[in-house]
Amino acid sequence: MQPNQELIRTIANRYAANLTLCFPLRRTSLQLARAIHANFITFGFQPRAHILNRLIDVYCKSSELRYARHLFDEIPEPDKIARTTMVSGYCDSGDISLARSVFEETPLSMRDTIMYNAMITGFAHSHDGCSAVNMFREMRREGFRPDNFTFASVLAGLAHVVEEEKECVQFHAAAIKSGAGSITSVMNALVSLYSKCDLLNSARRVFDEITEKDERSWTSMMTGYVKKGFFDSGLELLEHMDEGMKLVAYNALISGYVHRGLHQEALEMVRRMVSNGIELDAFTYPSVIRACATSGLLQVGKQVHAYALRRGDFSFHLDNSLVSLYYKCNKFVEARAIFDQMPAKDLVSWNALLSGYVSSGHIGEAKMLFKEMEEKNILTWMIMISGLADNGFGEEGLRLFSCMRKEGFEPCDFAFSGVIKSCAVLGAYCNGQQFHAQLVKIGFDSSLSAANALITMYAKCGVVEEARRVFITMPCQDSVSWNALIAALGQHGHGAEAVGVYEEMLKEGIKPDRITFLTVLTACSHAGLVDKGREYFDSMETVYCIPPGADHYSRLIDLLCRSGRFSEAESVIKSLPFEPTAQIWEALLSGCRVYGNMELGIIAAEKLFELIPEHDGTYMLLSNMYAATGKWEEAARVRKLMRDRGVKKELACSWIEVETQVHKFLVDDTSHPEAEAVYNYLKELGKEMRRFGYVPDTNFVLHDVESDGHKQDMLITHSEKIAVAFGLMKLPPGRAIRVFKNLRTCGDCHNFFVYLSRVVQRDIVLRDRKRFHHFRNGECSCGNFW
DNA sequence: ATAGGGTTAG
């Protein structure tokens, strides 16, 4: 039987009309729309235009843009409502270019103010203020009258680009002239606009004139004050508010405090709002949790998490910040669980997880995740590049940076600081210089993060003067800059100057932090300023309330051992407020090696065998010590122990940069295309050095080799010698040779370079795992502490 | 069919 067509049509249309009523219940309305749509198809009806438009709208609002577009395309002549619906649908989904194409396909005669408004809003939401303003100008040129909606949107767009007071005033005047000047939504946008331009007095004037202030009015004014750090004005405003509106004000204050790093104040504000009977909401959580994450307050963070769960609140922002909280507090399992249990994830969620992996050293997982990510933004790249550098993967960092550019991402100052860190890891001086030049060109060189990275990069490339120059030419320095400079000077043997810079930093009123003390102690140690170092160490707790960590103690041990004050070092270890860690025993062991203190060295080594039996360095150090004192059997015993335990020696590797290209060499490496030429050259150099008095020190050969002649051959193929020889072949005369090694350099190579620097009259800078060696005219900056 | 503010990842 044929159904009664007229009846079905009527019912279908009535259902369709109901769509409007169902609207807030998105899922229901989407299901309903689908059912109605299916009915129309099944019975072959052509729905009426306004019903079709409703369907398109529901699909758009449910993020089913493809269905919406499909329906839209089937309409032979879409009216302006259908077009506007499509335009704003695309705008909401962030696809401004598709919105624009629908708009541009619309003949001028069919456009109206509403359609222009939709476009302007779209541009404003995508932070493209210029296009928003252009669209506004176009609509006026074409004779359309801007209304309240137009001004509210265009002013919001303007806030992203405007710099001058004049422009704000112009638009303000235009709004007043067209009668929109006293509309709350327009005035809210004006308050926000003036605030962003640092014109807080103008913002306040507009704010005071709003007769019917709503939540947005208060938020705009509060945010204006707080973003500029005027907390007093914000707090005063809080006093004069209706109780019902205070939540948004607290939220603004809290986020303002967090942004300035004032976590205590932020948490205090949370306590205050709770004690006034105001409950936290979805906008409060992320700021509070961030405050907890950056100050390591896991317990408070957990409480907030529990609070949100109790209230059944959910948002991307909340979960994303929780992922970050748990990672920062080293709760990897919890962090991952939050991520996995998220019903939906956005780009920020992925970035949060990526950053968690990277900062906890899970670089393998990070790389996999990065590959897996379909959508990336500049921050994704930045996290990965800087993470690779932090984990020692300099080459990959450099490679990824150029990938990023190929994919059309313009690096920001933070991305530059990531790639510059990669150069620092690699010692890629020429590459680093090029990035520096690019920074200058685009005017980012005064950015704190970029400049701080440059200081470290130049230092790690062994060019202290450049590091110093970057520091001096910065418009302003923060504690990171000071730390970087002190480290730079300390690493290169300018210990006294480093200490001077530290004193200057204190005079400037910059508070030293944990890192500052690490760098200062290192500097003292290199310069032999033992008593000064002790004094600084003691001041940490007594003056600056920073309890020294294991890393600080290990610097102190190093400092004492280097001047042979072993009994003092021993008593420090005995009085530690915690169990001595591996790095403390390591500091003691390497100190003992320098002085040949076998007795204490063996104790340290035994402890290390217990704590980190898989670490190859201990075996090497101890067997080196035995070998150096001619106890070959003992040396062999240690290496047998190492073999028995299955500990693999990390492969020694050196590298050198020639014309932005990094060349890598391993021990006895013949894989380099020019290996043969380098080996021959190195042999010649060896002979020549011997004529000048260099004697190969076979104590550093740890293989059991019978003849001395054979042993000498083995010494000559150490990777750092190959790299230096390669540099001598390739680099123009007079240019310093900068070579890097992943392990510590051996005493024989050290001695060889001392001779070499005098005979060939070249500066040689060698950076090994532990420190820098500047060889010049037969001397090394580190004395005998190789 | 269109509007205004505030939150998360470095």
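We name chains A, B, ... by the order of the sequence lines, and we start the count at 1 in each one.
Between R216(A) and dA3(B), a side-chain N or O to OP1/OP2 separation shorter than 4.0 Å is absent. For K196(A), a side-chain nitrogen or oxygen approaches OP1 or OP2 of dG6(B) to under 4.0 Å. For the pair S355(A) and dG10(B), the criterion of a side-chain N or O lying under 4.0 Å from OP1 or OP2 is met. For H125(A) and dG4(B), the shortest distance from a side-chain N or O to OP1 or OP2 is below 4.0 Å. A close approach under 4.0 Å does not occur between any side-chain nitrogen or oxygen of K213(A) and OP1 or OP2 of dG5(B). Between dA1(B) and R83(A), no contact under 4.0 Å exists linking OP1 or OP2 to a side-chain N or O. Regarding contacts with the backbone of dG6(B), every side-chain N or O of K246(A) stays at 4.0 angstrom or more from both OP1 and OP2.
Of the candidates V288(A), L253(A), I278(A), V288(A) is the only one forming a side-chain contact (heavy atoms from CB on, under 4.5 Å) with V270(A).
In the set dT7(B), dG4(B), dA9(B), dT7(B) carries the atom at the smallest distance from any side-chain atom of S287(A). Of the candidate nucleotides dG6(B), dA1(B), dA9(B), dA1(B) has the atom nearest to the side chain of T85(A). Nearest nucleotide to the F283(A) side chain, out of dT8(B), dG6(B), dA1(B): dG6(B). Side-chain proximity of A156(A) to dG5(B), dA3(B), dA9(B): nearest is dG5(B). If you check dT8(B), dA9(B), dA3(B) against the side chain of A152(A), the one that comes closest is dA3(B). For V348(A), the side-chain atoms get nearest to dT8(B) when compared with the rest of dG4(B), dA1(B), dT8(B). Distances from the side chain of S192(A) to the nucleotides dG5(B), dA1(B), dG4(B) place dG5(B) closest.
Contacts of A124(A) with the nucleic acid, taken as non-hydrogen atoms under 4.0 Å apart, are absent. Among the protein residues, K227(A) comes within range of the sugar-phosphate backbone only, with heavy atoms under 4.0 Å from sugar or phosphate atoms but none that close to a base. Across all strands, D346(A) comes closer than 4.0 Å to no nucleic acid atom at all (heavy-atom distances). Among the heavy atoms of the strands lying under 4.0 Å from T184(A) is at least one base atom, whether or not backbone atoms are also near. Within the 4.0 angstrom heavy-atom criterion, base atoms lie near N377(A). Among the atoms of the strands shown, none is found under 4.0 Å from any heavy atom of A252(A).
Donor-acceptor pairing under 3.5 Å, judged by distance alone, is absent between the side chain of S153(A) and the base of dA3(B). Side-chain atoms of T84(A) and base atoms of dA1(B) include a donor and an acceptor less than 3.5 Å apart. Side-chain atoms of T219(A) come within donor-acceptor range of the base of dG5(B), with a qualifying N/O pair under 3.5 Å. One donor-acceptor pair, N or O on each side, does fall under 3.5 Å between the base of dG4(B) and the side chain of D214(A).
Remark: P of dA3(B) and CD1 of I183(A) are 16 Å apart, rounded to the nearest angstrom. Here dG5(B) presents its P atom at 15 Å from CE of M187(A), a figure rounded to the nearest Å. In this structure, the CZ atom of F151(A) is 13 Å from the C1' atom of dA3(B), given to the nearest Å. Atom CG of L347(A) and atom P of dG10(B) are 13 Å apart (whole Å). One atom, CG of N351(A), and another, C1' of dA9(B), lie 5 Å apart when rounded to the nearest Å. The interatomic distance linking M135(A) (CE) with dA3(B) (P) rounds to 15 Å, in whole Å. For I210(A) and dG5(B), the CD1 to P distance is 12 Å, given to the nearest whole Å. Atoms NE2 (H160(A)) and C1' (dG4(B)) sit 12 Å apart, rounded to a whole Å.
Residues satisfying the side-chain hydrogen bond (donor to acceptor under 3.5 Å, both in side chains) criterion with S233(A), sequence neighbours excluded, are absent altogether.
For F401(A) and F435(A), the gap between ring centers is short of 6.0 Å.
No salt bridge links R83(A) with D79(A); every basic N to acidic carboxylate O contact stays at or beyond 4.0 Å.
When every heavy atom of G392(A) is checked against every heavy atom of V425(A), the shortest pair comes out as O-CG1, 3.7 Å. Of all heavy-atom pairs spanning L262(A) and F231(A), the tightest one is CD1-CE1, 4.0 Å. Nearest heavy atoms, A484(A) versus T456(A): CB-OG1, 3.8 Å. Of all heavy-atom pairs between A344(A) and F316(A), the closest is O-CE2, 3.2 Å.
Contacts between residues 110-121 of chain A and DNA chain B, defined by a heavy-atom separation under 4.0 Å, are made by D112(A), I114(A), N117(A), T121(A).
With contacts defined as side-chain heavy-atom distances shorter than 4.5 Å, the pair Y194(A)/R205(A) does not qualify.
N351(A) and T380(A) share a side-chain donor-acceptor pair at under 3.5 Å.
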